[in-house]
Amino acid sequence: MTAGADSPLLEVRNLAMHFPVTEGVVLSRKIGDVKAVDGVDFTIGRGETLGLVGESGCGKTTTGRCILRLEKPTAGQILFDGQDISHMGRKDLVGLRRRMQVIFQDPYSSLNPRMKVGDIVGEPIKVHGVEPDARKRDLRVRELLSVCGLDAKFADRYPHEMSGGQRQRVGIARALALDPEFIVCDEAVSALDVSIQAQIVNLLEDLRERFNLTYLFIAHDLSVVRHLCQRVAVMYLGRIVEMAAVDELFDNPLHPYTQALLAAVPIPDPRVEATRDFRPAPGEVPSPINPPSGCVFHPRCPMAVENCMRARPVLRELRPGHWVACSEAN
Amino acid sequence: MSALLDVRNLRTEFRTGAGLVRAVDGVSYTVDPGETVAIVGESGSGKSVSALSVLRLIADPPGRITGGQIVFDGRDLLSLSAAEMRQIRGRDIGMVFQEPMTSLNPVLTIGRQITEVLEAHQDADRAAAERRALELLELVGIADAPRRLRQYPHQLSGGMRQRVMIAVALACNPKLIIADEPTTALDVTIQAQILELMKSLTLKLNVALIVITHNLGVVARYAHRVNVMYAGRIVESGPADAIYHDPRHPYTIALLKSVPRLDQPRRARLDPVEGQPPDLTRLDGGCAFRPRCRFAVEQCAQSIPPLAASGEAGHLAACFRSAELGAAAQTTVQAAE
Ligand SMILES: Nc1ncnc2c1ncn2[C@@H]1O[C@H](COP(=O)(O)OP(=O)(O)OP(=O)(O)O)[C@@H](O)[C@H]1O
Ligand SMILES: Nc1ncnc2c1ncn2[C@@H]1O[C@H](COP(=O)(O)OP(=O)(O)OP(=O)(O)O)[C@@H](O)[C@H]1O
Ligand code: SF4
Ligand code: SF4
Ligand SMILES: [Mg+2]
Ligand SMILES: [Mg+2]
């Protein structure tokens, strides 16, 4: 069963992923849950890039891993091309693996150091039995490398013989090997040098256009997210607190947390910085094991009122397509 | 005013399987008392090695400081004994690194990490050291300091550990702090807190700061002066405003153009620094940026451009064409707008 072309490629409904927290080594007993993802809803249209931002530990990677079904969610639905994959078993997932891929942050650790680049890129093709003929597989690998801006001679090199940017290109080539429709980019450019980061961002954009790819782009660099994404969701402690089209979110952030994130980004221009009001949000992200009551942002929120400690705000559509989980926003 | 730190023609090399790496290849710069100097540049360009060389923390083998002078507060650090150098480190020069987890001792309490430094350098007695430790934790904005003193590094968040590192660095009233990517591992809101803290403390205590970072926004916000490194050399150096508004080296120009900015309209496409970082074992006798440089001419292959005055006072660039670039950069910017 597949959905129509105008329906979203991915629909996530009330997704939750709770990890048990245990105590004791011999007789471990459960003392609570880490609510890594705690009721998340969003959709991603075909060919669209949704950015997922938020501070460390807010559940971005876990959300991505659930969608890729590297994790079995505790609750909720994940509709990929109209089909609920949240409870699929191993066998059914094999077909899905070809359609969804991931690009990780660290090109150094995500590539097998003992394999040649050509074998790394060709491995998924081999494993999935897409191209049993070794010579044709080889041609395909070279084509993938060239699509990613790498000379064919790199096929015979090892990852440690390449720069960080080149290794990330290898990671991207491998992700493309099976012609996926959907790619989770989890901090895919975060570890790269600034000068190389722009090259890879451009490459991801070119590939999106060329192969009509859909991305979930997880990142903490808000300026890169603004450049690359059409829509952006902001997470805090396992929940989406704000979601909107990219210009709407950056020009008109309505949630105090989004405002705090944007205010904390220094602008690369001393003249701008000299005149800017700069007051970093106080405090740190609380433990997800014992989240604050009511609105989980209330201990750090400059706009908090009495009621914020009691009632958990729901995500409301305050303007068309602009969703905010703050009872004080309007 | 004489400089607090005067690094002259510093050279540090590593012997590696692939060949000799001139990680720092004739680097000169100064830091004035109370001044914040940023070092930026590509990964592998020698930022950390140049800072570790100042502290004489280069492991030998494979590394060795092979030349130059490092004059700190009137003394040449390269002529000091290892014992004298240990006294300088931690007392006169504080250090803050990217990953506090590896610089803090995991089996010592937070309080002990600080009192150890105080006892080593200031022969303070235990009780005085403990009072000072408490005072320092409060200074760096750690709430609930008495309880935190008894905790271990793993019980603290990344941001709090970095605050502890700053407290340790400040413990003996240093004149200089060297911070290598102090906030790179932290979230933006925590990064902002830590940087504002460092700024207010360096101002209040008149401590000079060398901050190594790849974040051009952080540099713009905090640095008085900037050194841009490429392939083991400083290729441009000057007041922050000159570096950002009148860059005179093609690498600096390209670097500044490659980052998307939140305060500007979204661009259709980013403008990256093309090409690959240089292989330091294969540098020739020409400008190391040449293979990636849009302005390269014949001369650039023949010799290495020296760091020379360009533009306003105190602004230096190592490029044969830097005089033309002030103007050229402006026309390209105008053309793009
Ligand atoms: N397998 C697991 N078992 C227990 N807790 C986990 C597990 N995986 C993640 N967590 C916890 O879930 C929360 C969310 O983690 P996640 O890695 O999704 O965050 P993130 O937003 O990707 O953070 P970062 O920006 O640091 O990558 C964290 O508190 C984390 O410690
Ligand atoms: N212990 C070592 N052995 C061999 N080579 C080394 C060693 N330490 C550093 N180098 C080399 O020296 C050069 C400069 O390294 P350095 O760590 O100073 O770079 P950096 O500018 O700090 O980069 P980054 O931004 O990645 O931290 C690099 O080419 C590096 O490979
Ligand atoms: S609901 Fe209250 S505490 Fe939460 S973000 Fe809005 S104002 Fe702040
Ligand atoms: S010296 Fe030549 S190659 Fe080097 S930066 Fe200047 S113009 Fe470019
Ligand atoms: Mg993550
Ligand atoms: Mg470094």
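Throughout, protein chains are lettered first and strands after them, A, B, ... in sequence-line order, and every chain is numbered starting at 1. For the numbers below, each heavy atom of this structure counts, side chains included, while hydrogens, waters and symmetry mates do not.
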Looking only at heavy atoms, what is the nearest atom pair of [X] and [Y], with distance?
X	Y	answer
A:Asp193	B:Ser43	OD1-N, 2.6 Å
A:Pro280	B:Thr189	CB-O, 4.3 Å
A:Asn202	B:Leu270	ND2-O, 2.9 Å
B:Ala220	A:Glu273	O-CB, 4.1 Å

Counting only non-hydrogen atoms closer than 4.5 Å, does [X] touch chain B with its backbone (N, CA, C, O), its side chain (CB onward), both, or neither?
X	value
A:Ser56	both
A:Val201	side chain
A:Leu261	both
A:Val272	side chain

CD1/B:Ile190 to CD/A:Glu55 distance, rounded to the nearest 0.5 angstrom? 5.5 Å
Between atom CD of B:Glu274 and atom OG of A:Ser195, what is the distance when rounded to the nearest 0.5 Å? 10.0 Å
If you count every heavy atom of other residues, nucleotides or ligands that lies below 6.0 Å from B:Arg267 atom CZ, does the total exceed 12? yes
Counting only heavy atoms not in B:Arg22 (residues, nucleotides, ligands), do more than 12 fall under 6.0 Å from its CZ? no
Interface residue of largest heavy-atom contact number with chain B, from [options], under 4.5 Å:
options	answer
A:Gly54, A:Pro282, A:Ala264, A:Ala260	A:Ala264
A:Arg271, A:Gln197, A:Gln199	A:Arg271
A:Ala198, A:Gly283, A:Gly149	A:Ala198

Quick check: do [X] and [Y] have side-chain heavy atoms less than 4.5 Å from each other?
X	Y	answer
A:Pro270	B:Arg221	no
A:Arg226	B:Leu262	yes
B:Arg266	A:Val246	yes
A:Pro268	B:Val219	no
B:Met160	A:Glu284	yes

Do A:Asp206 and B:Arg269 sit within salt-bridge range, that is, some charged N less than 4.0 Å from a carboxylate O? yes
Measure [X] against the heavy atoms of chain A and call it side chain, backbone, both or neither at under 4.5 Å.
X	result
B:Gln264	backbone
B:Gln193	both
B:Val259	side chain
B:Ala223	neither
B:Pro278	neither
B:Leu255	side chain

